[in-house]
Amino acid sequence: MVKQTIQIFARVKPPVRKHQQGIYSIDEDEKLIPSLEIILPRDLADGFVNNKRESYKFKFQRIFDQDANQETIFENIAKPVAGSVLAGYNGTIFAYGQTGSGKTFTITGGAERYSDRGIIPRTLSYIFEQLQKDSSKMYTTHISYLEIYNECGYDLLDPRHEASSLDDLPKVTILEDPDQNIHLKNLTLHQATTEEEALNLLFLGDTNRMIAETPMNQASTRSHCIFTIHLSSKEPGSATVRHAKLHLVDLAGSERVAKTGVGGHLLTEAKYINLSLHYLEQVIIALSEKHRSHIPYRNSMMTSVLRDSLGGNCMTTMIATLSLEKRNLDESISTCRFAQRVALIKNEAVLNEEIDPRLVIKRLQKEIQELKDELAMVTGEQRTEALTEAELFQLEKLITSFLEDQDPESRLEVGADMRKVQHCFHHLKKLLNDKKILGNNTVFSESKDRDCQEPLKEEEYRKLRDILKQRDNEINILVNMLKKEKKKAQEALHLAGMDRCEFRHSQSPPFPPGNPEEGQRMQLSSAPSQAQDFSILGKRSSLLHKKTGMREEMSLGCQEAFEIFKRDHADSVTIDDNKQILKQRFSEAKALGESINEARSKIGHLKEEITQRHIQQVALGISENMAVPLMPDQQEEKLRSQLEEEKRRYKTMFTRLKALKVEIEHLQLLMDKAKVKLQKEFEVWWAEEATNLQVNSPAVNSLDHTKPFLQTSDSQHERSQLLSNKSSGGWEVQGQGTGRFDVCDVNARKILPSPCPSPHSQKQSSTSTPLEDRFGKQLNFQDISSHALCQQE
Ligand code: ADP
Ligand code: MG
C-alpha cells in the first residue's frame, strides 16, 4: 500500500499580452518547497479596507513558469504517475483552472504543432513503449472517454453516430453495487493494442466533443472530460491479474459567476457556474477536515466517478493552471486556494489484484480429478475405460523426465488412477526389455574385452582418445555446415515468400517493433515495398474516418461559399503549415526507408561473407587434416566489426523511423480535427447568413426551400457527407496538395452542371448587398444562396 497526499503542481500560461510584470513571483529556494506569490497591483489593492492583504503566497510541489514546455510537464508530472499505473496502481491527473488557463492544452495538447501534444498522447506513447519492452507479463489496454455535462454522462467514443449535439451520444449512467463500487453503464471500453489505435480513439472522442458543441452551449468550458486508460497485466501461468486505471481529467472552467473584481466577499463566497465543481470543492473540504465521517461523493456524477481518486485507492495529481494576468487575479487566487486544500487529502493506493477465474477453474478441475481417482482406489471401484491418447502421451512424458532426472529422490507422480499406474509399469517394462536386448551385446563384448585382452597401455589409450576427439570435432563441423546450408536455403525460400506476401498484404503493420533482425525479417524487404509501407501510413483506418464518412455531393453554392470561407479562415494557415510539415516528414521517412533497405542488404552481404569464410576455413582444415583455428582471422574480425557498425546504423534509423511514424500519425489526426472544426464553423456561419437573408430579403423569404443549410431535414446527413474521408484526397499529403473540397468541387461540377452563372461573375452585376463575413472576406451570400437555389430547382 502506498500512502500519499494528492500532489499539486502549478502551471502558469504565457500571457496573451506581454509586459505584465510584477504580478507574481516564484520562489524556488525556500526549503526546497517552491512557492508562488501573487501580488496585487496597487490600483487593485487600493480602496480596500486597511488590513487588506496585498500579496498571497501558495506552496506547490513544483511550479512551472510560462516557458515550461509540454515535454517538461510530461516528464515531471505525468511520467511518474504512468509509472505507478504500469506497476498496478490507480492514477489520476486532473487539471483545474479557469477557462482559457490551459487545462486542455496541458491534458490533451495544442491543435497546431506536434510538439504541443499534451499529457494524454505522451502518456499513451510512454505506456505502449514500456509494454513493448516488458515481455515478462501479458498486458491488455482499453480506453474510455467520458464527458460529463450538466450531471449527464456521455460516451465520447461512440463510433455509430453523427453526433450533432451531446444528446446524440449514448448516455452514461452510474450504478453502485452493494460494496459501493461505482460502475458506469453504457460507457464503452475500446481495446487498443497499439499507440496508434489509442491515439485514434483520443481524436475520435475530441472530434465528437467538438461536433456536439454549439455556440449556444459551449460545453467544452462547462463540461468535464475523463479520458481513462485501463491496463490489465498478468504473468504467464499465474492466476493473478492486476488492474490499474489512469484517469486524465480536463475539468470544467472553475470561474465563478459574479466577477466584480478582486477582494470583498468574492474570494471567500462565490457562486460557481458549474455546480459539480462546487460539489467537488465540498468533497475536498470534507476530506481535508479530520473526523468527517460523511463525504458527499454522491452529490454529483463527477465526484462519484472520481471517488477513488479523491481520498481513495489512487495516486492523484492536480495541475492548477493559471492565467496570471491582471484581470484574472481573483480566479488565479481561488485556483491556488483550492489546490492548497487538495494537497491535504491523503490517498491510499493499493495494488488491484484479482484472481483469474479461468485459471482457478482449471486448478479446481485438476483437484477434482485427483480426488475422484483417490476415491476410486479406496472404494476399490475399477475404472475400465481406456486411457485417452492425450493421457497416454502425458504419462510417457512423465516417465521420460522421471528416468532422466538424476535426483535419486525424484518421484513419478501419476495420481491414484490404477489404469495409469498399470500403464506406467507396462511402459517401464517395455523400456527395460528394449534396453536388455541392446545391452546384452555390449555387456557381452565388454566382459569379453575385460577377460580376454591385455589392459591397454595408458599412452596408447590417450592417443586413441585424441584421434577420436578430433574426428568428433570434424563431424560436428561438417554437421553444422550442413545445417547452415540447409537453413540458408530455407531462409532464401522464406524471404522470397515474404516478398510476395508483403506485396499482397500491404495492410500489415508497417513498423514491427524489435531489433534490427526482427524488423529485417518482417519488413522492408525491398525499396518498392518500403514505399508501399508508407502509403499505408497515409491510409489510416481510424474510427474517425468511419465516423466522418464519404461526401458525395453538396449544393454547388454551398461549396463555393465553403471554398472562400476555407481560404480566408485562420485555421487554413495551420492546416497548410501542417501539410507542408507532413510532406517533409513523408519524404524524410521515405529516404530513411531507403537507407534502411540499403543497410539491411549490406548486413545480409556481410553475414554471407562471414559464412563463406567459415566454410572456406573448414574446408581447408579438412583437406589439410588440420585442426580449425579457434581464433577468427583478421579478415573475419574486420567483417564482424563492419557488421556491428551496420547493425547500429540500422537500429538508429529504425528508431527514428518509428518516431517519424508517430509524428505523421499525430499530425494527420490534428489536421482531421482542424478540418472538422472548419466545417462546423462554416455551417454555423452559413446558417446565420441564411437567417439574416430571410429577414432582409422578402423575395427569398417567400420561397419555402430557402431553409438554411443546417435546418434542412437532411442537414445531418449532408453534413456527414461533408466530413468526407481521406480517400478523396484533399488535405492528404499523398495528393498533390489540393484541398479535399477542391476535389469534390470538381466532381460536383461534373455531376451537376450549373444552369446559373458562377457567383464570381454574378458578383459584379448583383444588386444585393455584399455581406462582410466575420473573417473579413467580402462574400455575396445572396448570390451564393440563389446559386444554390438554382441547383435545387
Ligand atoms: P482551457 O482548457 O483551460 O479553457 P486552453 O487549454 O483551451 O484553456 O487554452 C487556451 C488557449 O491558450 C489555447 O489557445 C492554448 O493553445 C493556449 N495555451 C494554454 N496554455 C498554453 C501554454 N502553456 N503555452 C502556450 N499556449 C498555451
Ligand atoms: Mg478546455
Side-chain angles (χ1 to χ4, degrees), residues 9-18 20 24 26 36 60 62-78 93-122 145-149 156 166 202-203 205-213 215 217-227 248-256 259 272-274 276-277 280 302 318-325 327-328 331-332 334-336 338-339 569-571 573-575 577-578 666 670 673-674 677 681:
F9 295 92
R11 182 182 199 183
V12 182
K13 184 195 136 172
V16 181
R17 276 166 284 147
K18 300 270 172 206
Q20 291 226 3
Y24 73 99
I26 295 171
L36 174 77
F60 287 92
R62 250 191 98 165
I63 299 155
F64 297 93
D65 208 352
Q66 300 169 18
D67 51 0
N69 61 20
Q70 298 284 66
E71 173 74 16
T72 313
I73 296 290
F74 170 74
E75 285 291 326
N76 289 282
I77 302 179
I93 300 175
F94 68 92
Y96 182 100
Q98 71 184 107
T99 299
S101 59
K103 297 181 297 296
T104 307
F105 186 83
T106 303
I107 297 290
T108 310
E112 290 174 17
R113 281 178 301 269
Y114 178 64
S115 56
D116 281 350
R117 66 204 192 285
I119 286 177
I120 301 179
R122 284 171 198 269
Y145 204 176
L146 169 72
E147 175 162 13
I148 302 174
Y149 179 67
L156 285 175
L166 271 181
L202 167 67
F203 276 79
D206 281 345
T207 310
N208 265 335
R209 187 184 186 194
M210 186 171 63
I211 293 176
E213 190 179 85
N217 143 33
Q218 279 288 332
S220 72
T221 67
R222 298 187 190 175
S223 67
H224 316 285
C225 277
I226 307 179
F227 183 90
L248 300 167
V249 188
D250 185 355
L251 287 177
S254 62
E255 55 274 6
R256 291 134 207 262
K259 212 171 159 182
Y272 277 93
I273 284 183
N274 198 296
S276 64
L277 274 185
L280 173 67
M302 205 248 308
M318 167 185 168
I319 307 173
T321 53
L322 303 165
S323 172
L324 283 168
E325 292 180 42
R327 62 198 162 93
N328 292 330
E331 291 299 347
S332 304
S334 73
T335 297
C336 290
F338 181 79
H569 195 286
D571 283 359
V573 180
T574 314
I575 295 176
D577 285 353
N578 275 338
H666 193 99
L670 280 181
K673 219 162 101 179
K677 183 166 163 260
E681 286 180 7

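Quick caveat, the model's predicted, so the values are computed rather than measured. Read the numbers this way: they start at 1 and go in the same order the structure lists the ligands and their atoms.
A ring-centre distance under 6.0 Å is found for F203 and H666.
Rounding to the nearest 0.5 Å gives a distance of 6.0 Å between CD of E331 and CD of E255. Taken to the nearest 0.5 Å, the CG atom of L36 stands 6.5 Å off from the CG atom of L322.
Not a single heavy atom of G253 sits under 4.0 Å from any atom of ligand 1. Put simply, no part of G110 is less than 4.0 Å from ligand 1, judged by heavy atoms.
Taking a cut-off of under 4.0 Å to the non-hydrogen atoms of T99, the atoms of ligand 1 that pass are 4 (O). Every atom of ligand 1 with a heavy atom of R11 under 4.0 Å away is listed here by number and element: 23 (N). Heavy-atom proximity to K103, at under 4.0 Å, picks out these atoms of ligand 1: 1 (P), 2 (O), 3 (O), 4 (O), 6 (O), 8 (O).
Regarding atom 21 (C) of ligand 1, its nearest protein heavy-atom neighbour is F105 CD2, 3.4 Å. Closest to atom 7 (O) of ligand 1 among all protein heavy atoms lies T104 CB, 4.1 Å. For atom 12 (O) of ligand 1, the closest heavy atom belonging to the protein is K13 NZ, 3.4 Å.
In A111, neither the side chain nor the backbone holds a heavy atom less than 4.0 Å from any atom of ligand 1. Here Q98 has backbone heavy atoms under 4.0 Å from ligand 1, and that is the only part of it that gets that close.
Residue G100 has at least one N or O atom closer than 3.5 Å to an N or O atom of ligand 1. Taking any N or O of G102, backbone or side chain, at least one lies under 3.5 Å from an N or O belonging to ligand 1.
Counting protein heavy atoms under 4.0 angstrom from atom 4 (O) of ligand 1 gives one or more.
Ion pairing of E75 with R122 is absent here, as no side-chain N (NZ or NE/NH1/NH2) approaches a carboxylate O to less than 4.0 Å.
Side chains of D571 and T574: a donor-acceptor N/O pair is absent below 3.5 angstrom, by distance only. Side-chain polar atoms of S101 and S323 form no donor-acceptor pair below 3.5 angstrom. For E147 and H224, the side-chain atoms include no donor-acceptor pair closer than 3.5 Å. Side-chain atoms of D206 and Y145 include a donor-acceptor pair closer than 3.5 Å. Using modelled atom types, one finds no donor on one side chain facing an acceptor on the other under 3.5 Å when comparing S254 with Q98.
In summary, T104 places an N/O/S atom under 2.8 Å from the Mg ion (ligand 2), meeting the contact criterion.
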